[in-house]
2 protein chains.
Amino acid sequence: MTDALKNINPNVSVDCVVFGFDNEKLNVLLIEQKMANKDKVQFALPGDLIVDEESLDDAANRVLEEITGISGIFLRQFKAFGDPNRVSDIKDLDWLKSYRRNPQARVITVAYLALVKMDEFQPEASSFAERVFWQELESMPSLAFDHNKILNEALDRLRDDFVNHRTGFELLPELFTLGHIQKLYEIILGKELDKRNFRKKILKEKLVSATNQKQTGVLHKPAILYTLNHDNI
Amino acid sequence: MTDALKNINPNVSVDCVVFGFDNEKLNVLLIEQKMANKDKVQFALPGDLIVDEESLDDAANRVLEEITGISGIFLRQFKAFGDPNRVSDIKDLDWLKSYRRNPQARVITVAYLALVKMDEFQPEASSFAERVFWQELESMPSLAFDHNKILNEALDRLRDDFVNHRTGFELLPELFTLGHIQKLYEIILGKELDKRNFRKKILKEKLVSATNQKQTGVLHKPAILYTLNHDNI
DNA sequence: TCCCCAAGTGTAAAAAATACACTAAGTTTG
DNA sequence: CAAACTTAGTGTATTTTTTACACTTGGGGA
């Protein structure tokens, strides 16, 4: 779709909370923009106004790709944010003016959530963002607008999904160990889990199968490699 | 707020799915409008465009009160709907023209959910709606726009809340029997529950306390009346 | 006084959750 | 090549939760 045909809706945006898993820590995809006065920077979740001809889901996917180059991931809507003061701060306005025609418009945003393997997605800055990068959740800076609030609600939702075993395995490599799954769960949930009990539960769900291969090159007893039962999900 | 001061946002609406419980069946609050050609009627969920100066939550409460006279209930946001074709049907447009300045505008709607005691809320038609009424869920007619879809998703969400015991008791009278609670759950979930197991579970949650009163005037063994433990919720 | 009707109650079995400690199999180091 | 290191891998006992199931009770109405 060319710009000429785009019918940008000034009142509705989408924001994407993309969590990235690197086998160690939980990260979030952020963008950085220079402020108008050049000596300060602003961090934000990737997001933008929607186009009238697309669905909200399509908008989320398009915006994420345009801003970060990331596409083809499963983005799930989790909540709309519509406080009339959510875009009110002077610093936000200053920034907004640089790229929106009508920076004072009331904007409600529909927030989306995703979880991906970090190393499969190398974000690339677009003209829109000065920089796109993975930020560790533990040292999250202050974000534009109400984006810290949106992020916190996204994290609650993500954990809820993990507790109910509705997600997670798709983040693992083709072949993985039970230790990998456990570490994933521990990182997302932010707490340690009992090894034996965790294994019992995972194996009972029958979503993974052991292969006849083992890890190599590790400096300890090599673990059996497992693979996803795609048909069972 | 007078009309003159209202800054109506043409792109964002709220819709309210208000479930009503009458101790027998689950109902939904609907509005009826005459079509332009007067010989057909249209049913819909109560909803309308938001005003720029209010939050989404405030908009949902205002709109519900304006259209149906119902106020002071807990409305919970559950999802935004934004398919560009959601308001496309000829019959919908015909109707929309009668009260919106710009009936062709792309509208995304944020849907809210509530559950109330029917007999505490006598809906009253406003100028906006020809009629406001409780419709039994079992015989739901075809609704305007994508309102049947919105309703179905609301029901899924409501049941999910009940399964996890996050809601429900507030629908009961000041004094109620364990049988009342069970019936409420059975109606919402649409299935029968085992009496003894249900009682065990409810009592273990310690959200209700027995009083020293009993039912009177019933033609069977009178049940012990219970009351809510407000501090425990 | 007998009937009707929902209230009220207990137990056994199965399933799920939790707590807990040692041996095994590789790699590296001395 | 032996010792040290590191994570893999395993079983059991206990508690908690879930499920299935049938009879007696107390009041009102006939």
Side-chain angles (χ1 to χ4, degrees), chain A residues 22-25 159-166 168-169 172-228, chain B residues 22-25 159-160 162-166 168-169 172-227:
Chain A
D22 66 355
N23 300 310
E24 292 295 336
K25 303 216 166 182
R159 287 180 170 157
D160 196 58
D161 281 354
F162 266 77
V163 167
N164 295 306
H165 300 277
R166 281 192 288 254
F169 296 171
L172 299 164
E174 187 66 26
L175 294 173
F176 50 85
T177 70
L178 295 182
H180 289 150
I181 309 184
Q182 185 174 346
K183 191 159 187 184
L184 168 62
Y185 270 72
E186 288 178 338
I187 289 169
I188 304 291
L189 298 181
K191 64 178 180 188
E192 296 203 341
L193 302 171
D194 179 271
K195 182 163 56 162
R196 283 181 284 196
N197 294 337
F198 183 80
R199 286 168 168 248
K200 250 181 283 180
K201 205 156 169 179
I202 292 300
L203 292 175
K204 196 166 49 175
E205 308 216 346
K206 302 240 172 90
L207 299 178
V208 299
S209 316
T211 65
N212 52 7
Q213 300 173 64
K214 286 182 180 179
Q215 276 182 314
T216 54
V218 287
L219 51 155
H220 55 76
K221 175 175 175 178
I224 292 174
L225 292 169
Y226 285 75
T227 188
L228 260 185
Chain B
D22 67 355
N23 301 310
E24 292 295 337
K25 304 217 167 181
R159 286 180 170 158
D160 196 59
F162 265 78
V163 166
N164 295 306
H165 300 276
R166 281 192 287 254
F169 297 169
L172 298 164
E174 187 66 26
L175 295 173
F176 51 85
T177 71
L178 296 180
H180 289 150
I181 308 185
Q182 186 174 347
K183 190 160 190 185
L184 167 63
Y185 269 72
E186 287 178 340
I187 289 169
I188 304 291
L189 299 180
K191 64 178 181 189
E192 297 203 343
L193 303 170
D194 179 89
K195 182 163 55 160
R196 284 182 282 197
N197 294 337
F198 183 80
R199 286 167 169 250
K200 248 181 287 181
K201 207 154 166 179
I202 293 299
L203 292 176
K204 196 166 47 175
E205 309 218 343
K206 302 237 172 93
L207 300 177
V208 299
S209 316
T211 65
N212 51 8
Q213 300 174 63
K214 288 181 178 179
Q215 276 183 314
T216 55
V218 288
L219 51 155
H220 55 75
K221 175 175 176 179
I224 291 174
L225 293 169
Y226 285 76
T227 187

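Numbers restart at 1 for each chain; the letters A, B, ... are given by sequence-line order, proteins then strands.
- D:dT10 atom C1' lies 14 Å from atom CD of A:Q182, rounded to whole Å.
- Within the 4.5 Å cutoff, the side chain of B:K183 has heavy atoms near those of the B:E24 side chain.
- Bounding nucleotides for the chain A contact on DNA chain C, 5' to 3', at a heavy-atom distance below 4.0 Å, are C:dA16 to C:dT27.
- Each of B:G217 and A:L225 was matched to the nucleotide of DNA chain D holding its nearest heavy atom; the match closer to the 5' end belongs to A:L225.
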task: Might you work through the side-chain contact (heavy atoms from CB on, under 4.5 Å) test for A:T227 and A:E174, ending with a clear yes or no?
output: CA-CA 6 Å; A:T227 188; A:E174 187 66 26; 4.2 Å; yes
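- Rounded to whole Å, atom C1' of D:dC21 lies 15 Å from atom CD of B:E192.
- The shortest heavy-atom contact between A:F176 and A:L228 is CE2-N, 3.9 Å.
- The heavy-atom pair separating B:Y185 from B:F162 by the smallest distance is CE2-O, 3.4 Å.
- Taking atom NZ on B:K201 and atom C1' on D:dA20, their separation rounds to 14 Å, with Å as the unit.
- Among the protein residues, A:L178 comes within range of no part of the nucleic acid, since none of its heavy atoms lies under 4.0 Å from any strand.
- For D:dT17, the base has no donor-acceptor partner in the side chain of B:K204 [N/O atoms by modelled type, under 3.5 angstrom].
- The residue among B:N197 and A:K221 whose nearest nucleotide of DNA chain C is located toward the 5' end is B:N197.
- Regarding A:R196, its CZ atom lies at a distance of 11 Å from the P atom of D:dT10, rounded to whole Å.
- Two residues are said to be in side-chain contact when any heavy atoms from C-beta on lie closer than 4.5 Å; B:I224 and B:T177 fail this criterion.
- Residue A:L178 comes nearest to A:F198 through the heavy atom pair O-CE2, 4.4 Å, listed as atom of the first residue, atom of the second, then distance.
- For B:F198 and D:dT18, the CZ to P distance is 13 Å, given to the nearest whole Å.
- For the pair A:R199 and D:dG9, the criterion of a side-chain N or O lying under 4.0 Å from OP1 or OP2 is met.
- Considering every non-hydrogen atom in both A:G179 and A:R199, the closest pair reads N-NH2, 4.4 Å.
- Spacing between atom CG of B:L219 and atom P of D:dG28 amounts to 10 Å, rounded to whole angstrom units.
- In this structure, B:K200 atom NZ and D:dT19 atom P are separated by 11 Å, rounded to whole Å.
- Rounded to whole Å, the distance from CD1 on B:I202 to C1' on D:dT17 is 15 Å.
- For A:K195 against D:dG9, a side-chain-to-base donor-acceptor contact under 3.5 Å is present.
- Judged by distance alone, with hydrogens and angles left aside, A:K214 brings no side-chain donor or acceptor close enough to the base of D:dT7 to form a pair under 3.5 Å.
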